[in-house]
Amino acid sequence: MFYENESIKESKRVMKERNPLIFALILFFVMSLAMSFSYILIRFVLSLRGGDSLIRKLGENHEYAMIFNLWSTLLVSLVVYIFVKYYQKRTPASLGLVDDRKGKSYLKGLLIGSGMLGTSFLFAYLLSGFRIRLNIENVDFRIFIFFVIGWIFQGFEEEFITRSVLMNYLGALRNPKVGIIANSLIFSILHLGNSYFNLLAFVNIFLMGLVFSMLFYIRDSIYISAAAHSVWNFLQGNFFGINVSGIITSKNTIFLSESVGNKLISGGGFGIEASLVVTIVEIGALYLLYKKARKASLIR
């Protein structure tokens with residue numbers, strides 16, 4: 001049995017009753033609208049500053065396009081927050097935004113995410129899944145910093161929508177176990193359109209969703225799962241130089257890693273998230289998190 005944590009209790013207390021299907025449809029419409037608006041906004045701002053050349057780069061240069069997509073998630077987070085605040089009557093506490101130890105939670109998330117991804121990559125490399133070489137001389141550190149900040153925004157946005165909004169909504173509507181499983185399934189489904197997506201990728205992203213959900217559930221704070229998510233993606237895309245969920249990686253990466261050998265080890269074109277090594281690491285993490293939840297008397 002999964003007991004309600006404080007943010008789920010708060011969601012149940014303040015949340016206005018809404019049809020789940022209609023709520024989900026409006027939510028994803030609001031997200032799409034915010035993404036479109038952010039693109040229009042940045043084009044407008046650049047045009048005011050005579051940024052025609054930058055606009056062309058945005059359309060032609062993969063690096064600039066990736067940075068724009070990552071940064072635009074900041075606006076999406078803000079718009080979704082406003083939407084659930086007024087449509088669902090949600091409070092910051094019901095979204096896991098209230099945490100007296102934000103810095104500690106974020107740091108802990110960074111350590112967990114980097115530990116999981118680092119362990120996964122190390123074993124995949126030792127099992128001849130990757131060939132790696134140093135690429136630091138080709139890194140433009142101005143662009144690199146923009147990527148780092150972008151991953152911070154992107155990790156927070158995905159966690160805010162799937163965990164703060166959807167998980168706690170479903171947890172309050174049904175029970176925490178339903179919220180944890182359902183939002184993780186939605187998280188995996190959202191990656192269906194990515195390049196090289198396959199069954200193992202679907203399973204691993206679902207398991208990763210469970211890991212992030214359990215982190216949020218146990219700590220009752222969005223900051224720990226957001227940090228773990230951000231560093232997980234950053235290490236793939238701009239440190240080890242591998243594809244992030246089927247998305248072509250950046251050239252501004254400390255290392256360049258080439259997928260070689262068995263695709264079950266490297267994950268092939270999708271990246272390490274479609275690797276059996278990641279499956280094992282995620283299952284191990286879930287076991288430890290389950291024990292942690294039992295110790296905290298959240299699970300019986």
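Every heavy atom of this structure was used, including side-chain atoms; hydrogens, water molecules and symmetry mates were not.
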How close do [X] and [Y] get, heavy atom to heavy atom, and via which atoms?
X: Met35; Y: Ser38; result: O-OG, 2.6 Å
X: Ile242; Y: Ser257; result: CG2-CB, 3.4 Å
X: Tyr81; Y: Leu97; result: CE1-CD1, 3.9 Å
X: Asn183; Y: Ser213; result: ND2-OG, 3.0 Å
X: Trp232; Y: Gly113; result: CE3-O, 4.0 Å
X: Ile152; Y: Tyr106; result: CG2-OH, 3.6 Å

Answer yes or no: is there a side-chain heavy-atom contact under 4.5 Å between [X] and [Y]?
X: Ile26; Y: Phe83; result: yes
X: Glu159; Y: Phe216; result: no
X: Ser250; Y: Glu63; result: yes
X: Phe130; Y: Ile272; result: yes
X: Glu10; Y: Arg13; result: yes
X: Phe197; Y: Ile205; result: yes
X: Met167; Y: Thr162; result: no
X: Phe121; Y: Leu235; result: no

With a cut-off of 6.0 Å (strictly less than), are more than 12 heavy atoms of other residues, nucleotides or ligands near [atom1] of [X]?
X: Lys102; atom1: NZ; answer: yes
X: Tyr125; atom1: OH; answer: no
X: Phe2; atom1: CZ; answer: yes
X: Phe29; atom1: CZ; answer: no
X: Lys89; atom1: NZ; answer: yes
X: Phe37; atom1: CZ; answer: no
X: Phe202; atom1: CZ; answer: yes
X: Asp100; atom1: CG; answer: no

Look at the rings of Phe23 and Tyr169 and say which category their plane angle falls in: under 30° parallel, 30 to 60° tilted, over 60° perpendicular.
-> tilted
Step by step, work out the side chain to side chain donor-acceptor pair (under 3.5 Å) result for Arg163 and Ser225.
-> CA-CA 9 Å; Arg163 258 53 81 176; Ser225 61; 5.3 Å; no
Checking the side chain of [X] only, and the main-chain atoms of [Y] only, is there a donor and an acceptor separated by less than 3.5 Å?
X: Asn168; Y: Leu95; value: no
X: Asn198; Y: Ala201; value: yes
X: Asp140; Y: Asn252; value: no
X: Thr91; Y: Ser94; value: yes
X: Ser230; Y: Ala227; value: no
X: Asn135; Y: Leu256; value: no
X: Arg90; Y: Ser164; value: yes
X: Glu273; Y: Ser245; value: yes
X: Ser188; Y: Leu185; value: no
X: Glu282; Y: Val211; value: no

Would you please indicate if the ring centroids of Phe270 and His191 are separated by under 6.0 Å?
->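 That pair fails the under 6.0 Å test.
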Run the ring-centre check on Tyr290 versus Tyr287 and record whether the distance is less than 6.0 Å.
->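 Ring-ring flag for Tyr290/Tyr287: false, centres at least 6.0 Å apart.
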ILVMFWY cluster, [X] and [Y] together (side-chain gap under 4.5 Å):
X: Phe147; Y: Ile136; answer: yes
X: Val281; Y: Ile265; answer: no
X: Ile145; Y: Trp71; answer: yes
X: Val79; Y: Ile161; answer: yes
X: Val178; Y: Leu286; answer: no

How many angstroms lie between [atom1] in [X] and [atom2] in [Y], if you round to the nearest 0.5 Å?
X: Leu170; Y: Ile8; atom1: CG; atom2: CD1; result: 10.0 Å
X: Leu122; Y: Leu127; atom1: CG; atom2: CG; result: 9.0 Å
X: Met208; Y: Thr279; atom1: CE; atom2: OG1; result: 11.5 Å
X: Lys295; Y: Ile218; atom1: NZ; atom2: CD1; result: 11.5 Å
X: His229; Y: Phe160; atom1: NE2; atom2: CZ; result: 15.0 Å
X: Phe28; Y: Leu33; atom1: CZ; atom2: CG; result: 15.0 Å

Check the pair Phe144 / Phe141 against ring pair (Phe, Tyr, Trp, His ring centres under 6.0 Å), numbers first and verdict last.
-> CA-CA 5 Å; Phe144 187 84; Phe141 279 96; 5.7 Å; yes
Before giving the answer on side chain to side chain contact (heavy atoms under 4.5 Å, CB included), spell out for Phe234 and Val148 the whole-Å C-alpha distance, their side-chain angles and the decisive distance to 0.1 Å.
-> CA-CA 7 Å; Phe234 160 73; Val148 172; 3.7 Å; yes
Audit row: Arg219, Lys104, side chain to side chain contact (heavy atoms under 4.5 Å, CB included) steps and yes/no | CA-CA 11 Å; Arg219 188 78 172 188; Lys104 188 175 180 180; 3.8 Å; yes
Residues Phe255, Phe239; criterion side chain to side chain contact (heavy atoms under 4.5 Å, CB included); working and verdict = CA-CA 6 Å; Phe255 294 95; Phe239 187 81; 3.7 Å; yes
Check step by step if side chain to side chain contact (heavy atoms under 4.5 Å, CB included) holds for Leu166 and Leu27.
-> CA-CA 10 Å; Leu166 290 175; Leu27 173 64; 3.8 Å; yes
